[in-house]
Structure formats: C-alpha cells, structure tokens
Amino acid sequence: NAGVMQNPRHLVRRRGQEARLRCSPMKGHSHVYWYRQLPEEGLKFMVYLQKENIIDESGMPKERFSAEFPKEGPSILRIQQVVRGDSAAYFCASSPPNFSGNTIYFGEGSWLTVV
Amino acid sequence: KQEVTQIPAALSVPEGENLVLNCSFTDSAIYNLQWFRQDPGKGLTSLLLIQSSQREQTSGRLNASLDKSSGRSTLYIAASQPGDSATYLCAVVRGEGETSGSRLTFGEGTQLTVNP
C-alpha cells in the first residue's frame, strides 16, 4: 500500500508563473489536507478537501491559491502568479473516510522555490 | 483559536541521556494529540497518538503523556541516540471530529540534536 505521494518533490518557478502541486492520497483515503511550512516556521493548515468538495479552506490565502480534489485523479494545489514569499514546503496528508481520530499520513512534501 | 507551543525550541544532549519535550495547547477541547518527527528535507512521521480520553502512550523508548485539563503534553525519550536527532512536532486535532476531520494545529517544533 503506497503512502501519500506528492509530486513534484522540488519545483522552481520564476515570479509571476504558476505552480501546480499534486497529491495522491493513500489507497482508501478520501480526505486530503494541505499544509504549508515556511522557512524556519511550523506547519500551517491551508485546506481540507473530500472528493469533489472543499470542506474547510480557512487557511488558504484569499488570492492566487486554489485547491481541488476531483472525483478521479490527485488533489491539486494551484498557486497563480507566484511571489518569493510563496517559497515553502507544501505537505499533503490523507485520512480514511470514517473519521475515528486515527493517525493521518503525510507525504514527503513539495519544495517550491520562487526565483 | 487553538495555539500550540513547544518548549524548548532547540535542545542538544549527549548520547544516552533521557530527555523531555514539552507541548502546551490553549483550548482543551481536543479530539487527540499527536507527536511527529521531521527529518531535514523530509515529510512527517507519526510517533505517538493519544486520544483525548487517554493519559499516555508508549512506543519503544518513547512515552507521551497528556493532561487535557491543563493543556499539556510531554514526550519522553529514554536513552537518546544520535539517530533521534530531528525536529519533533506536537499537533492537536479539534474536538468537533467529523466537522474538522483530522485537521491538525501544529506547534513550532523542538529541534533535537543528540551528540555521540
């Protein structure tokens, strides 16, 4: 059973370009979470999605950031017109459909560098 | 708003020492608390999960305690080894369960260095 898969692992973008980060949850998991870790800071919640639904996006910046989790395929975190301050590690996590407080599983992260 | 604080921010110890990492949270209405390990450039590995009704969990040389009423948790590492060097993160899940899923609020972490 493969773990949470994120790609790309490392991404370099110039200011103003778009960044797309992908996350495939563990098999059988239908809940996906995105977190951001800025340099020298802790992980901050961004968005919580279930298949085809955004459940909680209270941690998402109001502009340029969007997330989706389609019926088929991976979850995608999209950052438009990237700026230097978007440089960070973006982590995806997944959990099973029946919430029972079990451990959630994290991917290895996608490191975005904006030059 | 839940806030999670970890003390100390960094800790350096000689190999073989027992050590304690501290975590405090401001809202005691939690569903569970987890301790994670993060190695540089890597993702997070779950170490221990304590449900809100539990007082402690043990795994090998690790023991985590939870005092929900006082908003505190500790991670005890016995007989530390250089391979334990990493950042240790404490995180809580809100008490609403279903409505918040497994959304985690993290502390800033404690960076542990165990010297040979």
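Labels below follow one simple rule: chain letters A, B, ... track the order of the sequence lines, proteins then strands, and each chain is numbered from 1.
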Under 4.5 Å from any heavy atom of chain B, what part of [X] do you find: side chain, backbone, both or neither?
X	value
Tyr35(A)	side chain
Ser58(A)	side chain
Gln6(A)	neither

Rounded to the nearest 0.5 Å, what separation is found between the [atom1] atom of [X] and the [atom2] atom of [Y]?
X	Y	atom1	atom2	result
Leu89(B)	Gln37(A)	CG	CD	7.0 Å
Tyr105(A)	Ser46(B)	OH	OG	7.5 Å
Glu108(A)	Thr45(B)	CD	OG1	7.5 Å

Seminar exercise, completed: For Tyr88(B), the ring pair (Phe, Tyr, Trp, His ring centres under 6.0 Å) test, sequence neighbours excluded, returns none
For this session: Could you verify whether a donor N or O on one side chain and an acceptor N or O on the other, from Arg103(B) and Ser95(A), lie under 3.5 Å apart?
Result: no
Crowding at [atom1], [X] (>12 non-hydrogen neighbours, <6.0 Å):
X	atom1	result
Arg64(A)	CZ	yes
Gln81(A)	CD	no
Arg55(B)	CZ	no
Met60(A)	CE	yes
Lys42(B)	NZ	no
Arg61(B)	CZ	yes

Seminar exercise, completed: Ranked by heavy-atom pairs below 4.5 Å to chain A, first place among Ser52(B), Ala91(B), Gly41(B) goes to Gly41(B)
For this session: Measure distances from Gln6(B) to the heavy atoms of chain A and classify the residue's part below 4.5 Å as side chain, backbone, both or neither.
Result: neither
Problem set entry | Shared-cluster residues of Val83(A), by chain and number - hydrophobic side chains joined below 4.5 Å | none
Problem set entry | Leu38(A): hydrophobic cluster co-members (side-chain, 4.5 Å) | none
For this session: Could you please state which residues from residues 104-116 of chain B sit under 4.5 angstrom from chain A, measuring non-hydrogen atom to non-hydrogen atom, sorted by number, or 'none'?
Result: Leu104(B), Phe106(B), Gly107(B), Glu108(B)
Problem set entry | Heavy-atom closest pair, residues Ile104(A) and Gln34(B) | N-NE2, 4.1 Å
Exercise. Shortest non-hydrogen contact from Gln38(B) to Phe91(A)?
Worked result: NE2-CZ, 3.4 Å
Exercise. Shared ILVMFWY cluster between Leu11(A) and Trp34(A), side chains joined below 4.5 angstrom?
Worked result: yes
Exercise. Should Leu49(A) and Val93(B) be counted in the same cluster of Ile, Leu, Val, Met, Phe, Trp and Tyr side chains packed under 4.5 Å apart?
Worked result: no
